[in-house]
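These numbers were taken from a predicted model, which means no experiment stands behind them.
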Amino acid sequence: MTLHIETFNLGPLQTNAYLLTGPVEGKAVIIDPGMNPGPLLKRIADLEIEAILLTHAHFDHMGGVEEIRKRKGCPVYLHSLESEWLTSPKLNGSLMWPQVTEPLSAEPAEYDLADGLELQLIGHTFKVFHTPGHSPGSVSFLSGNDLFSGDVLFRLGVGRTDLPGGREGDLIHSIQNTLYTFPDEVVVYPGHGPRTTIGYEKQRNPYVPSGR
C-alpha cells in the first residue's frame, strides 16, 4: 500500500507541510501545517482529515493548526514535552519574530505523542521516534520507507539548536542513534528544503557524516 505524499511550502519560512493519503479513499493526514495554509486548505476541501501530526510546535510548523482543525474537526498530536507550546506565543517562538509573524497560538493538542507509539491512520502505520535537539519534544514519523524528520535532519544539514530548548548534543545523538539506524533507502521528508535519503546523509552530511 503506497503512501501518497504531497508537499506544500507554507509561510515566510517555506515550511514543508505534508498531505498524506493512502488506500482509504477521501481520508488524509497532515504533517506540520505551517503559516498561511490557504493552498493546503483548498486542497483538503473535500477530504476528511484523520489527524494533524506535529513534529514539533515552533510557530512556522503550527501556524495553520487552528484554522484547519476548526474547519475539518480533526485532532492534533504533539509530544507531551511541548504540550504548552501551542497556547504560548513565547514558547512557540512567534513572539520572538515580529518581523515574520504576529503572535500565534492554538488550543492544546488532543493527543500526546511518545517514543515508540504506533498510530494507525489512513490505512498506514506511523511509528513515532522522539528525536530531541532542535526542540525538546521534536519527533520523527516513520511509515514504511518514508521518514518525516521535522527540523532534525535536512538534506546536507541539521536543525538549528540555538533556540530555547535546543541542545546540539541531543540533536547529534538523535540523528546518529535513531535516524541513522534506519535503512539507507529510507526517504527523508524534512521540515524545510528538498527530500533526501538516510544513506545519502550518512555519506555526505557535513554535520553528522556517519552513525558512528
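When atom types are taken as modelled, the side chain of Lys72 and the backbone of Ala45 share a donor-acceptor pair closer than 3.5 angstrom. The closest donor-acceptor contact from the side chain of Asn36 to the backbone of Leu10 lies at 3.5 Å or more, if one exists at all. Judged by distance alone, with hydrogens and angles left aside, the side-chain atoms of Glu48 form no donor-acceptor pair with the main-chain N or O of Lys27 at under 3.5 Å. Listed for the Tyr207 side chain is no donor-acceptor partner under 3.5 Å among the backbone atoms of Ile172. A donor-acceptor pair is defined here as one N or O able to donate and one able to accept, closer than 3.5 Å; such a pair exists between the side chain of Ser174 and the backbone of Pro132. Side-chain N or O atoms of Thr178 include none that pairs as donor or acceptor with a backbone N or O of Ile175 at under 3.5 Å. With Ser80 contributing its side chain and Asp112 its backbone, the two residues share no donor-acceptor pair below 3.5 Å. Of the possible donor and acceptor atoms, none in the side chain of Asn92 sits under 3.5 Å from a partner among the backbone N and O of Ala57.
From Ser83, atom OG reaches atom CG of Leu113 across 11.5 Å, with rounding to the nearest 0.5 Å. Atom CZ of Phe8 is separated from atom CG of Leu41 by 10.0 Å, given to the nearest 0.5 angstrom. A distance of 11.5 Å separates CG in Leu104 from OG in Ser88, rounded to the nearest 0.5 Å. Atoms CG and NE2, from Leu78 and His56 in turn, are 10.0 Å apart once rounded to the nearest 0.5 Å. With rounding to the nearest 0.5 Å, the separation of OG1 in Thr21 from CD in Glu6 is 6.0 Å. Separation of atoms CG (Asp60) and OG1 (Thr15) is listed at 3.5 Å; rounding is to 0.5 Å.
Looking at heavy atoms from C-beta onward, Ile198 lies out of side-chain contact with Pro183 at the 4.5 angstrom threshold. Met35 places a side-chain heavy atom less than 4.5 Å from the side chain of Pro12. Here the side chains of Leu153 and Asn205 are in contact, with some heavy-atom distance below 4.5 Å. Side-chain contact between Pro33 and Val65: present, with at least one pair of heavy atoms (C-beta onward) separated by less than 4.5 Å. Contact check for Ile68 versus Cys74: side-chain heavy atoms found under the 4.5 Å cut-off. Between Ile5 and Arg195 there is no side-chain heavy-atom pair separated by less than 4.5 Å. Counting only heavy atoms from C-beta outward, the side chains of Met96 and Pro164 approach each other to under 4.5 Å. Within the 4.5 Å cutoff, the side chain of Asp151 has no heavy atoms near those of the Arg160 side chain.
At most 12 non-hydrogen atoms from other residues, nucleotides or ligands lie less than 6.0 angstrom from CD of Glu168. Annotation: Asp162, atom CG; neighbour count of heavy atoms from other residues, nucleotides and ligands within 6.0 Å is above 12. Heavy atoms of other residues, nucleotides or ligands lying less than 6.0 angstrom from CD of Glu185 number more than 12. A 6.0 Å sphere centred on CD of Glu84 holds no more than 12 heavy atoms belonging to other residues, nucleotides or ligands. The local environment of OH in Tyr200 is crowded, with over 12 non-hydrogen atoms from other residues, nucleotides or ligands closer than 6.0 Å. The neighbour count for Glu102 CD, taken as heavy atoms of other residues, nucleotides or ligands under 6.0 Å away, does not exceed 12.
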The test is side chain to side chain contact (heavy atoms under 4.5 Å, CB included); show your working for Leu179 and Val188 and say whether it passes. CA-CA 10 Å; Leu179 302 190; Val188 181; over 6 Å; no
For Phe59 and Val100, what are the C-alpha separation, side-chain angles and deciding distance, and is it a side chain to side chain contact (heavy atoms under 4.5 Å, CB included)? CA-CA 10 Å; Phe59 70 92; Val100 175; 4.0 Å; yes
Would Glu82 and Leu54 satisfy side chain to side chain contact (heavy atoms under 4.5 Å, CB included), going step by step from the backbone distance to the final call? CA-CA 10 Å; Glu82 296 180 15; Leu54 294 176; over 6 Å; no
Could you please spell out the steps behind the side chain to side chain contact (heavy atoms under 4.5 Å, CB included) verdict for Val187 and Tyr189? CA-CA 7 Å; Val187 180; Tyr189 294 85; 3.5 Å; yes
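Counting all heavy atoms, side chain and backbone alike, Ala51 lies closest to Tyr77 at CB-CE1, 3.5 Å. Among all heavy-atom pairs drawn from Tyr111 and Pro75, the shortest one is CE1-CB, 3.6 Å.
In the hydrophobic clustering of ILVMFWY residues, with side-chain heavy atoms under 4.5 Å counting as a link, Ile31 and Ile49 come out apart. In terms of hydrophobic clustering, with Ile, Leu, Val, Met, Phe, Trp and Tyr side chains grouped at heavy-atom distances under 4.5 Å, Leu91 and Leu95 are assigned to different clusters. Linking ILVMFWY side-chain heavy atoms closer than 4.5 Å, directly or via other members, places Ile52 and Ile44 in a single hydrophobic cluster. Met62 and Val29 fall into different hydrophobic clusters, where Ile, Leu, Val, Met, Phe, Trp and Tyr side chains are chained together by heavy-atom contacts under 4.5 Å. Hydrophobic clustering, with ILVMFWY side chains joined whenever heavy atoms are under 4.5 angstrom apart, keeps Phe141 apart from Val186.
Exactly one of Ile30, Asp32, Leu119 qualifies for a side-chain contact (heavy atoms from CB on, under 4.5 Å) with Leu53. That residue is Leu119.
Glu107 and Arg69 are not joined by a salt bridge, as no carboxylate oxygen comes within less than 4.0 angstrom of a charged side-chain nitrogen.
Aromatic ring orientation, His58 versus His134: perpendicular (interplanar angle above 60°, classes split at 30° and 60°). Ring-plane geometry between Phe154 and His192 is classed as perpendicular, the angle between the planes exceeding 60 degrees on a 0 to 90 degree scale with a lower cut at 30. Relative orientation of the Phe129 and Phe182 rings is perpendicular, given thresholds of 30° and 60° on the angle between their planes.
In summary, the side chains of Ser140 and Thr131 do present a donor paired with an acceptor at a separation below 3.5 Å, with no hydrogens or angles considered.
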